[in-house]
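See structure below.
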Amino acid sequence: EDQVTQSPEALRLQEGESSSLNCSYTVSGLRGLFWYRQDPGKGPEFLFTLYSAGEEKEKERLKATLTKKESFLHITAPKPEDSATYLCAVQAESGGSYIPTFGRGTSLIVHP
Amino acid sequence: DAMVIQNPRYQVTQFGKPVTLSCSQTLNHNVMYWYQQKSSQAPKLLFHYYDKDFNNEADTPDNFQSRRPNTSFCFLDIRSPGLGDAAMYLCATRAFPAHNEQFFGPGTRLTVL
């Protein structure tokens, strides 16, 4: 069974305090790993897709990396507007090719 | 702009009173999904469509049904809502196999009194 575990469940940072969110996964044949941002009361917003170990993608203060067992979402010098829940999902070959498995998310609060 | 639209954004219903949530998309994506998300939990897949092919997740309660009359629209029917059905309901789309990422609508927050 495909599994996705995100840690920590919640993270509080001061503005400018860099940190990383973790997404560890167990799947049989990774087709893709996705990061989404979800603001309270809204639907998830797509951030990144990573396909193979060693791949990295960046967007503003966010950088996503991937290994064979986990992915990190690095947040550099965060601002209060980065406060949100960050969801990780994996697409496995066994998931009918289009059914991703989601983690529970990491709730990030950035204090000014 | 191409997008995924959900109506209503907020729905209040009474225990046992049927409710229908709607989702429309202008992306022309062939796959559509319905998720249920409760506080601090991962989105839970209820149904998905690959074109007109309907797929019901094994643990989706019989109380939930879905319709996709055409490519653009999808509906979620809750026949007899219980207190445990209060949640955010998310619609998502995907262009398979061209793209891997899903595009989500803003969600419908369902309250059951």
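Chain naming here is simple, since letters A, B, ... match the order of the sequence lines and numbering starts at 1 in each. Bear in mind that the values here come from a model prediction, so they are computed numbers and not experimental data.
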- Message: Less than 4.5 Å to any heavy atom of chain B: does that hold for the side chain of A/Y36, its backbone, both, or neither?
- Response: side chain
- Message: Counting neighbours of CD on A/E9 that are heavy atoms of other residues, nucleotides or ligands and sit closer than 6.0 Å, is the number greater than 12?
- Response: no
- Note on the structure: Smallest heavy-atom separation, A/G103 atom then B/A42 atom, equals O-CB, 3.1 Å
- Message: A quick test of your reading: do over 12 heavy atoms of other residues, nucleotides or ligands sit less than 6.0 Å from NZ of A/K57?
- Response: yes
- Message: Counting only heavy atoms not in B/K38 (residues, nucleotides, ligands), do more than 12 fall under 6.0 Å from its NZ?
- Response: yes
- Residues forming a ring-ring contact (aromatic ring centres under 6.0 Å, His included) with A/Y51, sequence neighbours excluded: none
- Message: Please give me the minimum heavy-atom distance between A/G43 and B/L90, naming the atom from each residue.
- Response: CA-CD2, 3.7 Å
- Taking the side chain as every heavy atom from C-beta outward, state whether A/Q91 and B/Q102 have any pair of such atoms under 4.5 Å apart. no
- Task: May I ask you to check whether over 12 heavy atoms, not counting those of B/D53, lie within 6.0 Å of atom CG?
- Result: yes
- Item | Close approach to chain A in residues 104-113 of chain B, criterion heavy atom under 4.5 Å | B/F104, B/G105, B/P106
- Message: Can you list the residues of residues 65-78 of chain B that sit under 4.5 Å from chain A, counting heavy atoms only?
- Response: none
- Using a 4.5 Å cut-off on heavy atoms from C-beta on, say whether the side chain of A/Q38 contacts that of B/Q37. yes
- Query: Once you round to the nearest 0.5 Å, how far does CD of B/E101 lie from CZ of A/F46?
  - Reply: 4.0 Å
- Message: Using a 6.0 Å cut-off, check whether atom NZ of A/K42 has over 12 heavy atoms from anything other than its own residue.
- Response: no
- B/Y35 versus chain A, heavy atoms under 4.5 Å apart: side chain, backbone, both or neither? side chain
- Task: Counting only heavy atoms closer than 4.5 Å, note whether B/Q6 contacts chain A via side chain, backbone, both or neither.
- Result: neither
- Item | Joint hydrophobic cluster, B/V12 plus B/L83, side-chain heavy atoms closer than 4.5 Å | no
- Query: Going from OG1 on A/T49 to NE2 on B/H99, what distance comes out if it is rounded to the nearest 0.5 angstrom?
  - Reply: 10.5 Å
- Query: Given a strict heavy-atom distance threshold of 4.5 Å, which part of B/Y33 is in contact with chain A: side chain, backbone, both, or neither?
  - Reply: side chain
- Same cluster for A/L62 and A/L50 if Ile/Leu/Val/Met/Phe/Trp/Tyr side chains link at under 4.5 Å? yes
- Can you name the nearest heavy-atom pair linking A/R31 to B/N100, along with the distance? O-ND2, 4.3 Å
- Message: Enumerate the ring pair (Phe, Tyr, Trp, His ring centres under 6.0 Å) contacts for residues 71-91 of chain A, please, sequence neighbours excluded, ordered by first and then second residue.
- Response: A/F72-A/H74
- Assess whether atom CD of A/E81 is packed by more than 12 heavy atoms of other residues, nucleotides or ligands within 6.0 Å. yes
- Query: In terms of hydrophobic clusters joined by side-chain contacts under 4.5 Å, are A/L73 and A/L108 together?
  - Reply: yes
- Group every Ile, Leu, Val, Met, Phe, Trp and Tyr by side-chain heavy-atom contacts under 4.5 Å, then state whether A/L87 and B/M88 land in the same group. yes
- Is it true that A/L66 and A/V27 fall in one hydrophobic cluster, defined by side-chain heavy atoms closer than 4.5 Å? yes
- Can you say whether A/T85 sits under 4.5 Å from chain B via the side chain, the backbone, both, or neither, judging by heavy atoms? neither
